[in-house]
Amino acid sequence: MDYNFKDIESKWQQHWAENNTFKTEIDHSKPKFYCLDMFPYPSGAGLHVGHPEGYTATDIICRFKRANGFNVLHPMGWDAFGLPAEQYAIQTGTHPAITTQKNCDTFRRQIQSLGLSYDWKREINTTDPNYFKWTQWIFIRLFNTWFDAEQNKGRDISELWIPEDIQAEGSTAIQNYIGSKRLAYYDNAQVWYCRNCKTVCANEEVLNDGSHEKCGTKEVERRYLKQWMLRIPHYAERLLDGLDQLDWPEGVKDMQRNWIGRSTGAEVDFKIDGLDKNLRVYTTRPDTLFGATYMVVAPEHELVHEITTPDQQEAVKAYVLGAALKSDLDRTDLAKGKSGVFTGRHAINPINGTKIQIWVADYVLMGYGTGAIMAVPAHDTRDFEFAQTFDIPIICILDPKNAPDEVRVKVLNGEACWTEDGAYINSSNNEIGIDINGLSKEEGIATVTSWLEASNLGKATINYKLRDWLFSRQRYWGEPFPVIHWEDGEVSVLDDSELPLPLPEVEKYMPGETGESPLSNAGEWLIVTDKNGRKGRRETNTMPQWAGSCWYYLRFTDPTNNEEPFSKIAENYWMPVDLYVGGAEHAVLHLLYSRFWHKVLFDLGIVSTNEPFQKLFNQGMILAFAYETASGSKVPSDQVEEREGKYFSTVTGEELHQIVAKMSKSLKNVVNPDDVVINYGADSLRLFEMFIGPLDATKPWTENGVKGVYNFLRRVVAFFGETTNISEGEESKETLKILHQTIRKVSDDVRDMKFNTAVSQMMVFTNHCYKVGKVNHQTAVTFFQVLAPFAPHVAEELWELYGNTSVLSFHPWPVFNEGYLTEDTFEYPISFNGKVRFKIEFPVDMPAAEIEKAVLTHAHTEKWIEGKAIAKIIIVANKIVNVVVK
RNA sequence: GCCCGGGUGGCGGAAUUGGUAGACGCGCUGGACUCAAAAUCCAGUGAUAGCAAUGUCGUGUGGGUUCGAUUCCCACCCCGGGUACCA
């Protein structure tokens, strides 16, 4: 029988679609399994071969789980808000909704051509008002929630207790107080703004030379813009704790822990000399206070101007202006020299009364701690370098007792920096009765901290790197905020009954000159009047793309619900997601943001689980060949020709170097799966995506390999499609053994997500069939069942050919029988001093003593002993024999 | 710099409670079929020496532990990803 994949695949895809084979309903009689792919952004370029890698893996697991009796939820949707559709709209005037619709259609067609068993009745789209209605609904919940630190949970704002002194100040004070507690708040935020792109950009987008990565211009500047922010740090502790119970790659957990960046230390107040003010710093090492010889405040610190003495004002002002133009990357580049300027002012070190200089330096960032530090140059490399540059005293307080003498002497004299542990010296003050000399590090920290607290100079503090989440964008193609700014200054959210607040039609999609969102052109949409005639203006920012992806996994449980985001029954049945598969690039942002939203919803009783994603698996990136010239510039793949294994530019004729790189439009090395499907079929594509290497490895795409798996499928069809290859009666022992090895290996490998070796085991089985020439009917259909999750079209076709009338997709998984795998004999490798020389077959239960005797009397043995003495013989049952000779 | 991965034939990769390195596939070589080619089927394919039997070498480099190391330990080199003066 020929392998006519075109007919087979269209036949079965049609069958599954017409019969709603993979439609999923709640079924309490079965265990549930919720298997989720990170839903794609439907870009105009269509699918590339990287997408189906994860999708195939989850599809195999879903089909495997169905065969093992699970009720499987396997949905797909579109994360369809985003910049490309908007930029296309700016260029062409085409409404982003039209572009998006087109791209979704392409993606759906491409994904459906792969025979993935999604329940398409559950398809969702983040740009659909029926979806973003509920995104807005959740935003309202965030706005109306405060975090109760005592109970360690979010609570409704109506339950917020207002201190009496605030109440006494009147309604404005009360509103401000409530606003300061909401998880979502509106405030000035310092952001990078690109005048060319007319958008805010990320720190990472601002390069060291001060140019904007995306457009290449140097039109970036720091600006204050009114922005929506979310108080994610309030959930830092919960987000940290939750990680322990998750079945996630340890690396991803570590990245999240580092991102949250919890540290313990103390806040310490330093008196400012000559001013009735304190300068508060955060330090993780309060015990090193005796070594603090100067202080630094960030250029953005609110006290900079006040601290600076008149004669230093000019220098400080210039320095602050310069720092504002630098990127964070630039400011924090270790390779660059330290810069700073003296404020002319001193502070008093509280622990020893010493006057120490206060400097302004941009290596201190406003976004972390209090924006001011105490510097201990003897024991911090940055501070040491700074102190050396500006000739500031360096006092050693940690004696590196175990260091080599020459190092120790330098450290003790303040000529070298010592950042490891040491014995305290110079760390006592009789006047205030504090002495930590001789104590351990932990005792030192505890002693100084309790002294600070007792003296009302400071307190133990926990700090996080995690910062408030900037949650608004000056763009058109995003969810509108359900917010009104009233003329009297009140900011209110819409009532649930007013949702969805749709996007207005606008003439131009370009942001305003002042950095205002395109929605500021929306005319009547903007203007609101309440029943008392008070006028208001709608919020013109839109939500970031994260918003839609923060909760889509919940909507999949009940995607068409118009009364609520999802029903309690559906959420209860399906959550949490049992397996979540996607790229590692989302290790921190998406996966942290959605955990945050989920925990808020959990606190409000809207979801029943504390964490959304029980198991996470990161698939590796699929790379493709790209070409570069000797000077390193990249050449598009359609301008390359191959001659005798070498590569040349068709434009310049220059010889090119083949490299492996991420698929990208600019390199023109994006591989579209459609070509593979047309030439080899969906089953071959699926199989190859799995066979190319381990799922979590980064690997290059080469189409040559597709031939291998295509050939495998062709041989399967050729062999099993021929009735003369099917024997009557009992199956041979040898075939049963390989069949059951295959059942076991494929089952184990699917469970462990090692799909590449599962495929090779099926190839081994097929090779065996060709070798023996005939297998029986039962062997054949059992193999079809094992093959089905990987190559479902071929498997269904053969299954039907063998007389089965019900679809294979829900047929129970075959049981493997250990009995067929047992062996009577084992072929022992006989090694001498660890080198295998020959082999002898012995019964598996042969006693060691008899094996030893047999080995020593064997004809080949003498040659390897050659008169030397036998020191010992090691016999590992059914593994190896090693003879040690001397 | 730090953190996390990784380094195995011409190529993708397999093998770890330490026990036969290179499964499976691509490519390549030879054979069968064919007028011929393609496709297919069969056989071979780590390097090196040899007609061969077989020997020697071989999992980034150098050491170590062990009867035995791709696997464990130490030092180093290279590649990929993340991150960055975090006090």
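Note: hydrogens, waters and symmetry copies are ignored here, and every other heavy atom, side chains too, is used. Just so we're on the same page: letters track the sequence lines, and every chain starts at 1.
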Next item on the list: Report the glycosidic orientation of B/G9: syn if within 90° of 0, anti in every other case.
Entry: syn
Note to self: If only side-chain N and O atoms count, and only distance matters, is there a donor-acceptor pair under 3.5 Å linking A/His379 with A/Thr288?
What the structure shows: no
Checklist line | CG on A/Asp287 to CD1 on A/Ile445, rounded to 0.5 Å | finding: 4.5 Å
Margin query: Need one value for A/Ile874: base, sugar-phosphate or nothing, where a base atom within 4.0 Å counts as base even if backbone is also close, heavy atoms only.
Written below: base
Next item on the list: Classify the nucleic acid contact of A/Asp380 as base, sugar-phosphate or nothing, counting any heavy atom under 4.0 Å across all strands shown.
Entry: nothing
Check: Taking atom C1' in both B/U66 and B/C72, what distance in whole Å separates the two?
Finding: 10 Å
Check: Say you pick atom P in B/U8 and the same atom in B/U59; how far apart are they, in whole Å?
Finding: 11 Å
Next item on the list: Could you tell me whether A/Arg714 contacts a base, only the sugar-phosphate backbone, or nothing, with contacts defined as non-hydrogen atoms closer than 4.0 Å?
Entry: sugar-phosphate
Notebook entry, point to check: Under 3.5 Å, is there a donor-acceptor pair linking the side chains of A/Tyr680 and A/Asp675?
Noted result: no
Margin query: Under 4.0 Å between a side-chain nitrogen and a carboxylate oxygen: does that hold for A/Lys253 and A/Glu250?
Written below: yes
Check: Do A/Lys879 side-chain and B/U20 base share a donor-acceptor contact under 3.5 Å?
Finding: no
Note to self: Whole angstroms only, please: what is the CD1-C1' distance between A/Ile462 and B/C86?
What the structure shows: 16 Å
Checklist line | Side-chain ion pair, A/Glu852 and A/Lys872, N-O less than 4.0 Å | finding: no
Checklist line | A/Trp359 and A/Gln357 side chains, donor-acceptor separation under 3.5 Å | finding: yes
Next item on the list: Scan A/Lys839 against the nucleic acid and name what it touches under 4.0 Å (heavy atoms): base, sugar-phosphate only, or nothing.
Entry: base
Item checked: Along RNA chain B (nearest heavy atom to each residue), the more 5'-positioned of A/Ile373 and A/Gly834 -> A/Gly834
Notebook entry, point to check: What nucleotide, of B/G19, B/C67, B/A87, holds the atom closest to the side chain of A/Ile880?
Noted result: B/G19
Notebook entry, point to check: How close or far is atom C1' of B/G68 from atom NZ of A/Lys872, stated in whole angstroms?
Noted result: 10 Å
Item checked: N/O (side chain, A/Lys754) to phosphate O (OP1/OP2, B/G13) under 4.0 Å -> no
Check: Expressed in whole Å, how much space separates the C1' atoms belonging to B/C3 and B/G19?
Finding: 35 Å
Check: Please walk me through it: do A/Asp244 and A/Arg257 pass salt bridge (charged side-chain N to carboxylate O under 4.0 Å, His left out)?
Finding: CA-CA 10 Å; A/Asp244 296 336; A/Arg257 288 190 187 106; 3.3 Å; yes
Notebook entry, point to check: Would you say the side-chain atoms of A/Arg280 pair up with the backbone N or O of A/Phe270, donor to acceptor, closer than 3.5 Å?
Noted result: no
Item checked: Within the 6.0 Å centroid threshold, strictly below: A/Phe826 and A/Tyr828 -> yes
Notebook entry, point to check: So does A/Arg837 get a side-chain nitrogen or oxygen closer than 4.0 Å to the phosphate oxygens (OP1/OP2) of B/U56?
Noted result: yes
Notebook entry, point to check: How does RNA chain B look in dot-bracket notation if pairs are Watson-Crick or G-U with both distances under 3.5 Å, crossing ones as [ ], other-strand ones as |?
Noted result: (((((((..(((......[....)))((((((.......))))))((((....))))..(((((..]....))))))))))))....
Note to self: Distance check needed: B/C86 P versus A/Glu267 CD, whole Å only.
What the structure shows: 18 Å
Strictly under 3.5 Å: I want the nitrogen or oxygen pairs between protein and nucleotides 22-25 of chain B, one per line.
from, atom 1, to, atom 2, distance (Å)
B/G25, OP1, A/Asn767, ND2, 3.1

Note to self: Check this for me, if you would: do A/Asp748 and A/Lys745 make a salt bridge, where the nitrogen-to-carboxylate-oxygen distance has to be below 4.0 angstrom?
What the structure shows: no
Next item on the list: Using the C1' atom as the reference point in each nucleotide, state the distance between B/G46 and B/G10 in Å, no decimals.
Entry: 10 Å
Checklist line | Span that lies between the C1' atom of B/C78 and that of B/C86, in whole angstrom | finding: 31 Å
Note to self: Any side-chain N or O of A/Arg262 below 4.0 angstrom from OP1/OP2 of B/C86?
What the structure shows: no
Check: For A/Lys699 and B/C11, what is the distance between atoms NZ and P respectively, to the nearest whole Å?
Finding: 19 Å
Notebook entry, point to check: What interatomic distance, in whole Å, is found between C1' of B/G63 and the corresponding atom of B/G12?
Noted result: 33 Å
Check: If you measure only the distance, is there a donor-acceptor pair under 3.5 Å linking the side chains of A/Asn882 and A/Ser831?
Finding: yes
Item checked: Candidate nucleotides B/A87, B/C67, B/U20, ranked by approach to the side chain of A/Asn882 - the nearest -> B/C67
Checklist line | Spacing of the C1' atoms in B/C77 and B/G60 (rounded, Å) | finding: 7 Å
Check: Nearest-Å distance, NE2 (A/His301) to P (B/A87)?
Finding: 17 Å
Margin query: With rounding to the closest Å, how many angstrom separate the P atoms on B/C73 and B/G6?
Written below: 13 Å
Check: If each of A/Lys863 and A/Val884 is mapped to the nucleotide of RNA chain B with the nearest heavy atom, which maps nearer the 5' terminus, i.e. the 5' end?
Finding: A/Lys863
Next item on the list: For A/Trp864, answer base if it contacts any base atom (sugar-phosphate contacts may also be present), sugar-phosphate if it contacts only those atoms, and nothing otherwise; contact means non-hydrogen atoms under 4.0 Å.
Entry: sugar-phosphate
